[in-house]
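First the structure, in the form of structure tokens, and then the observations on it.
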Amino acid sequence: QRFGSAVALSDEQAFVSAIWEDVDGDSNQGVVYVFDGSGGEQDQRIVAPEGQGASLFGSALAVDGGWLVIGAQLGTGGAYIYKLGESGWEFEQKILPDDLASSAYFGHAVAILDDEIVGGAYADESGGKKCGSAYIYDREDAGSWAEDDKFWPDPVVINESFGISVGLMEDQILVGNSYESSNKGAVYRFEKYSGDWISQAKLIGSASERLGTSVATSGNRAVFGAPANNAGQGAVYLHELVDDQWSEGVKLQASDGAYNDWFGEYVGMTEDWILVGAPYAKNSSQVKTGAAYLFQTREATCVPANGGM
């Protein structure tokens, strides 16, 4: 079932997906579970409204205010928008760009902030063979969501992964491209000026670390995962956007990290906390159980909180 494939948190609820769970006989359709944030009891079980099999519903999750976005990446992909109502989360709209070919994997990454949603399609071929792309959607006055713009890497290079991760800050879009520059990886930033999205200076990773595999944001801060850093031990970089420039990054690593843990494959953050997943970390018996690490932010530095989980 792969329970825990993606997670998200709101002030009152926790969201956890199981992308391989079968639904009414449909294999690998995927399910998203909603839990009460205080007691941990299940509030709701969400399935894709079409009921299509093998969609991997729950590939990505993002929540902001009364809106929930659920990615379903398989094939062309898609993202499903839910609004919080009196009886729980109610389906509102599916978004899927018209110009995508099959196997673009739109919905592998999603983010939402206020009236904007961004979705990544890291295998999109429209700008060059599997260079990837990202799309921004705005909520219109009538309440529906409409495509506003599309982004590609510059320059376009084949067989990269632009859109494998996405993030939103105020008037800023962040897009990861983990295979750029021979797997160094990069994070692109687009800033909104007078209604137009303008590409700004990108961050480029170190040798073969795959920077931008994951992205998370909170306020004017962002964390970027580089899970292949140091022979797969992995690292995460915390940056702050100050006067339209990224601060020098604070590098986070697992205190007990080992070869091929892939620390930084998944990241999440709030104002005070950073959560980092290491999906291939081993336990004391050398079994790949995976691990999660929690760091507490203190001004420009981070300190581990209770180590790995």
Side-chain angles (χ1 to χ4, degrees), residues 6 19 26 28-30 32 46-62 64 67-83 90-168 171-177 179 188 190-192 194-199 215:
I19 60 173
D26 288 333
N28 298 342
Q29 180 182 323
V32 174
I46 304 174
V47 299
E50 293 108 277
Q52 296 177 352
S55 63
L56 302 185
F57 182 78
S59 300
L61 298 172
D64 183 60
W67 296 95
L68 170 67
V69 185
I70 302 175
Q73 72 172 27
L74 198 65
T76 306
Y80 298 80
I81 303 171
Y82 289 77
K83 187 177 182 179
E90 301 170 354
F91 174 69
E92 287 280 319
Q93 183 181 342
K94 178 183 178 180
I95 54 175
L96 178 63
D98 295 330
D99 63 341
L100 285 179
S102 60
S103 300
Y105 293 157
F106 178 79
H108 172 80
V110 295
I112 181 171
L113 181 65
D114 298 329
D115 293 332
E116 294 176 327
I117 292 172
V118 61
Y122 73 90
D124 181 19
E125 298 183 1
S126 56
K129 187 176 181 181
K130 291 189 177 179
C131 73
S133 63
Y135 295 78
I136 181 76
Y137 284 78
D138 291 335
R139 185 157 62 95
E140 300 179 321
D141 292 339
S144 61
W145 298 81
E147 184 181 326
D148 175 54
D149 211 341
K150 179 177 183 177
F151 308 91
W152 291 283
D154 184 18
V156 170
V157 179
I158 64 172
N159 293 328
E160 292 194 345
S161 58
F162 182 87
I164 199 165
S165 62
V166 295
L168 276 168
D171 294 328
Q172 312 278 339
I173 294 173
L174 307 178
V175 184
N177 185 0
Y179 291 162
Y188 289 72
F190 300 87
E191 188 167 5
K192 199 168 191 176
S194 302
D196 295 323
W197 292 98
I198 308 299
S199 180
V215 169

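Numbering starts at 1 and runs along the sequence shown.
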_Tyr179: partners by side chain to side chain donor-acceptor pair (under 3.5 Å), with sequence neighbours left out_ = none
*Closest approach of Tyr137 to Glu147 (non-hydrogen atoms, all atoms of both residues)*: CD2-N, 3.3 Å
_Restricting to non-hydrogen atoms, name the atom on Gly58 and the atom on Ile70 that form the minimum distance, rounded to 0.1 Å._
N-CG2, 3.5 Å
*Could you tell me which residues satisfy side chain to side chain donor-acceptor pair (under 3.5 Å) with Ser59, sequence neighbours excluded, listed by chain and number?*
none
*Distance in Å, Ser144 OG paired with Ile81 CD1, rounded so as to fall on 0.5 Å steps*: 9.0 Å
*Could you tell me the separation between the NZ atom of Lys150 and the CD1 atom of Ile136, rounded to the nearest 0.5 Å?*
14.5 Å
*By side chain to side chain donor-acceptor pair (under 3.5 Å), which residues pair with Glu191, not counting sequence neighbours?*
Gln172, Arg189, Tyr193
*Residues in side-chain contact (heavy atoms from CB on, under 4.5 Å) with Ser199, at least two apart?*
Phe190
*Can you tell if the side chain of Phe57 reaches within under 4.5 Å of the side chain of Tyr80, non-hydrogen atoms only?*
yes
*Output all residues satisfying side chain to side chain donor-acceptor pair (under 3.5 Å) with Trp197, sequence neighbours left out; order by chain, then residue number.*
Asp148
*asked:* Ignoring hydrogens, what is the shortest heavy-atom contact between Gly77 and Leu96? Give both atom names and the distance.
replied: O-CD1, 3.2 Å
_Please find the pair of heavy atoms, one from Asn177 and one from Phe162, that lie closest to each other, and give the distance._
OD1-N, 3.2 Å
_Closest non-hydrogen atom pair, Ala6 against Ala60_ = CB-CA, 4.1 Å
_Are the side chains of Trp145 and Glu92 in contact, using a 4.5 Å heavy-atom criterion?_
no
_Whether the side chain of Ser55 engages the backbone of Gln29 through a donor-acceptor N/O pair (distance < 3.5 Å, no angle test) should be reported._
yes
*Should Tyr82 and Pro49 count as side-chain neighbours, where that means a heavy-atom distance under 4.5 Å?*
yes
Under 3.5 Å, side-chain donor or acceptor atoms of residues 106-118 against the rest of the protein: list the pairs with distances, not counting sequence neighbours.
from: His108; atom 1: ND1; to: Gln73; atom 2: OE1; distance (Å): 2.4
from: Asp115; atom 1: OD1; to: Arg139; atom 2: NE; distance (Å): 3.2
from: Asp115; atom 1: OD1; to: Arg139; atom 2: NH2; distance (Å): 2.7
from: Glu116; atom 1: OE2; to: Lys192; atom 2: NZ; distance (Å): 3.4

*Please tell me if the side chains of Val166 and Ile173 come closer than 4.5 Å, counting only heavy atoms from C-beta onward.*
no
*Kindly give the heavy-atom pair with the smallest separation between Gly143 and Trp67, and that separation in Å.*
O-CH2, 4.3 Å
*Between Leu174 and Leu168, does a side chain to side chain contact (heavy atoms under 4.5 Å, CB included) hold up when you go through it step by step?*
CA-CA 6 Å; Leu174 307 178; Leu168 276 168; over 6 Å; no
*Student check: side-chain heavy atoms of Tyr135 and Asp99 closer than 4.5 Å*: yes
_Residue list, salt bridge (charged side-chain N to carboxylate O under 4.0 Å, His left out) with Glu90, at least two apart or on another chain_ = none
*asked:* Once rounded to the nearest 0.5 Å, what's the spacing between atom CG of Asn28 and atom CG of Leu74?
replied: 8.5 Å
